[in-house]
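One structure is given below, encoded as structure tokens.
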Amino acid sequence: MSEKISKDTVSHVASLAKLELTDKQLPYFTDQLGNIMGIFDSLNEVDTNDVEPTFSVTDQINVMREDVADNWGERDQLLKNAPDVADGLIRTPTIIDESGD
Amino acid sequence: MNFLNKDITSIHQSLVNGDITAEQLTKQAIENAKNNEKDINAFITIDEENAIKRAQEIDKRGINPDNLLSGIPVAMKDNLLTKDVLTSAGSKMLSNFKPIISGTAVNKMLDADTISIGKTNMDEFAMGSSTETSYYGRTHNPWNLDKVPGGSSGGSAASVASGDVLAALGSDTGGSIRQPAAFNGIVGMKPTYGRVSRWGLIAFASSFDQIGPLTKNVYDNALVLNHIAGHDEHDLTSSDKEVPDFTSEIDSGVKGMKIGLPKEYLGEGVSDDVREAIKSAADKYREMGADVEEVSLPHSKYGVAAYYIIAPSEASSNLQRFDGIRYGYRSENAKNLDQLYVKSRSEGFGDEVKRRIMLGTYSLSAGFFDAYFKKAAEVRTLINKDFQKVFQNYDLILTPTTPTPAFGLDEEKDPLTMYMNDILTIPVNMAGLPGMSLPAGFSNGLPIGMQLIGKPFDETTMYKAAYAFEQNTDFHKQTPKIGGDK
């Protein structure tokens, strides 16, 4: 893990996360992320053979409930938060950009 | 007379006696908040109209003499959903978002007849330790306006410390209630994971997040937790364990209590003043009849590294939902759907949120999962086992809350230095334990906080020990002179 993260990797990670970085931001974030990841190396000092990972600390395991649909009746209220609405539906740009860019 | 500088119990008495009405009290809270805003900026929204309306309703119904919270002005962190009131989480991404529901903890506070006067400032999506990453500007520390109030619940802490409200709710993922409580000289409790429903809390890192109260004193804090705790069918990680009355034995003292003082939490990086304050607190506990001994939590030092793998991983997943489609910020510059996602997110999120999303996306990405996420989760197990071992022989653990008192607003800070600030609070979230901060001294006029860590679901013992300490010290009685002696 100890190799510093490259600009190409940061660029790739940003695109996975649906973020775009400007030419100015890329070296800035690359530097910072590299520094932060530097401390991750310290975890290699710890012997974790035969140690189970902890993903959650809740004491509630597999809580079951009936799968019942509930109509909150607040469609209009909900749509008030939508950025673009037409005929009671949320509008988005075209999925495929036909202009070619 | 400023009633907001008193404790909830005595104000309740004044409300019951009719010395003051809920409306007058609420107006006073709003006036204090407004007067302090230019110096402190603790609030994103002051909800004057609704607050006064609610106060009038409560006055009309009459103050319930059996409910200490009836008519008490409070504030809510801006990542807690409040019906029809802007809930931005300190982000441009949600700068136009008005929820159609309130979260469970908020609803329980409303059911208790408290009056929320508004929504408090915070680091964007609760990611930060200084409330400097908010889209709504920085919050200032009431004890010294050139210092940070801590974070991410910096607005909640500052609003209580400034005497705007008597209690505020915050959220704590790696220290976000306790650290600002320490920096503001007040009491902040992060309950056991599962004690308070997270429904209606904008998720940051779901295996760590907990909601909790920030108050001026220990008793008030226990009072608020009484009301917000408990199982909720909307949050399946909320515990169905019975909720005791946290105030019922609060004054029973610490005689015979066994308190562990972990040597790793007083080492390098902890300032002399903070170390001295904690050692004095340990001595105070010995005086009061507790048994205080040095213990060891050897894996806690790996907490920050493990946390900054796990928490950003959970965040990167939680924050995928912000896509500019159904609610929140939408970029005007998108020509197709993919651009809509990318541009809305790139324009709507601030730098700290982007850093954490990228860190998490990286840790979870193919080829790195085992080396990062899984390794960190294994180290998390070892951190938790250290606590379990200590708690076989001890009732409580005593540490500083932060390595230093509040740092400067204009100090240059690189992200990594900021992350190290939570080194003493993060392990508690790793293990899902309850942790609280309470006033333990001063350094150059700035409050020092001490942290008590309890066994799972044993907030009762923590409140007892905290109350005993408070009764025998006067740190909590000091209040900031906002803006100095002007």
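What you see below is based on every heavy atom in this structure, not just the backbone, and it leaves out hydrogens, waters and symmetry mates.
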Geometric cation-pi criterion, B:K354 with B:F349: 6.0 Å, 45°: no
query: Relative to chain B, which segment of A:L78 carries a heavy atom at a distance below 4.5 Å: side chain, backbone, both, or neither?
result: both
Region of A:F55 that comes under 4.5 Å of a non-hydrogen atom in chain B: both
- request: Kindly determine whether B:N107 and B:T104 satisfy side chain to side chain donor-acceptor pair (under 3.5 Å), including the steps that lead there.
  value: CA-CA 5 Å; B:N107 275 331; B:T104 301; 5.8 Å; no
field: Side chain to side chain, B:L382 and A:T48, heavy atoms closer than 4.5 Å
entry: yes
message: Under 4.5 Å from any heavy atom of chain A, what part of B:D323 do you find: side chain, backbone, both or neither?
response: neither
task: Sort B:F208 into side chain, backbone, both or neither according to what part of it lies under 4.5 angstrom from a heavy atom of chain A.
output: neither
task: Evaluate the side-chain proximity of B:F391 to B:I453: yes if any heavy-atom separation is below 4.5 Å, no if none is.
output: yes
field: Between B:K241, B:E378, B:E347, the one whose heavy-atom pairs under 4.5 Å with chain A are most numerous
entry: B:E378
message: For the backbone of B:V342 and the side chain of B:S344, can you confirm whether one donor and one acceptor N or O come within less than 3.5 Å of each other?
response: no
statement: Most heavy-atom pairs under 4.5 Å with chain A, out of B:H299, B:K301, B:K343, B:E314, belong to B:K343
- prompt: Between B:W199 and B:H234, how do the two ring planes meet: parallel, tilted or perpendicular, split at 30° and 60°?
  reply: parallel
4.5 Å side-chain heavy-atom contact, B:L359 and A:F40: yes
message: Below 4.5 Å, heavy-atom pairs only: which of B:M420, B:K98, B:K374 has the largest tally toward chain A?
response: B:K98
- prompt: Do you know which of B:G194, B:S316, B:S363, B:S238 has the most heavy-atom pairs under 4.5 Å to chain A?
  reply: B:S238
task: Measure across B:I325 and A:I90 and return the closest heavy-atom pair with its distance rounded to 0.1 Å.
output: O-CG2, 3.4 Å
query: Given the options A:I36, A:L79, A:L21, which has more heavy-atom pairs under 4.5 Å with chain B than any of the others?
result: A:I36
field: Contact summary for A:P93 and B:K335, nearest pair of heavy atoms
entry: CB-O, 4.1 Å
message: Is B:A431 close to chain A through its backbone or its side chain, or both, or neither, when contacts mean heavy atoms under 4.5 Å?
response: backbone
- request: Applying ring-ring contact (aromatic ring centres under 6.0 Å, His included), name anything that partners A:H12, two or more places apart in sequence or on another chain.
  value: none
query: Are any side-chain N or O atoms of A:K18 and backbone N or O atoms of B:Q320, one a donor and one an acceptor, separated by less than 3.5 Å?
result: no
query: Where on B:L319 is there a heavy atom nearer than 4.5 Å to chain A: the side chain, the backbone, both, or neither?
result: neither
- prompt: What do you reckon, is CG of A:D50 surrounded by more than 12 foreign heavy atoms closer than 6.0 Å?
  reply: no
task: Using a cut-off of under 4.5 Å on heavy-atom pairs, state which of B:N96, B:I100, B:T361 scores highest against chain A.
output: B:I100
field: Heavy-atom pair count under 4.5 Å with chain A, highest-scoring of B:L416, B:V304, B:L433
entry: B:L416
message: Between A:V63, A:V13, A:V85, who has the most heavy-atom pairs with chain B when the cutoff is under 4.5 Å?
response: A:V13
query: Out of A:Q77, A:R65, A:Q25, which one racks up the most heavy-atom pairs below 4.5 Å with chain B?
result: A:Q77
- prompt: So what's closer than 4.5 Å to chain A heavy atoms on B:Y419: side chain, backbone, both or neither?
  reply: side chain
- prompt: What part of B:F457 gets closer than 4.5 Å to chain A, counting heavy atoms only: side chain, backbone, both or neither?
  reply: side chain
statement: When the 4.5 angstrom heavy-atom criterion is applied to B:Y193 and chain A, the contacting part is side chain
message: What part of A:S15 gets within 4.5 angstrom of chain B, counting heavy atoms only: side chain, backbone, both, or neither?
response: neither
- request: Please look at B:D84 and chain A and tell me whether the side chain, the backbone, both or neither of the residue comes under 4.5 angstrom of a heavy atom of that chain.
  value: side chain
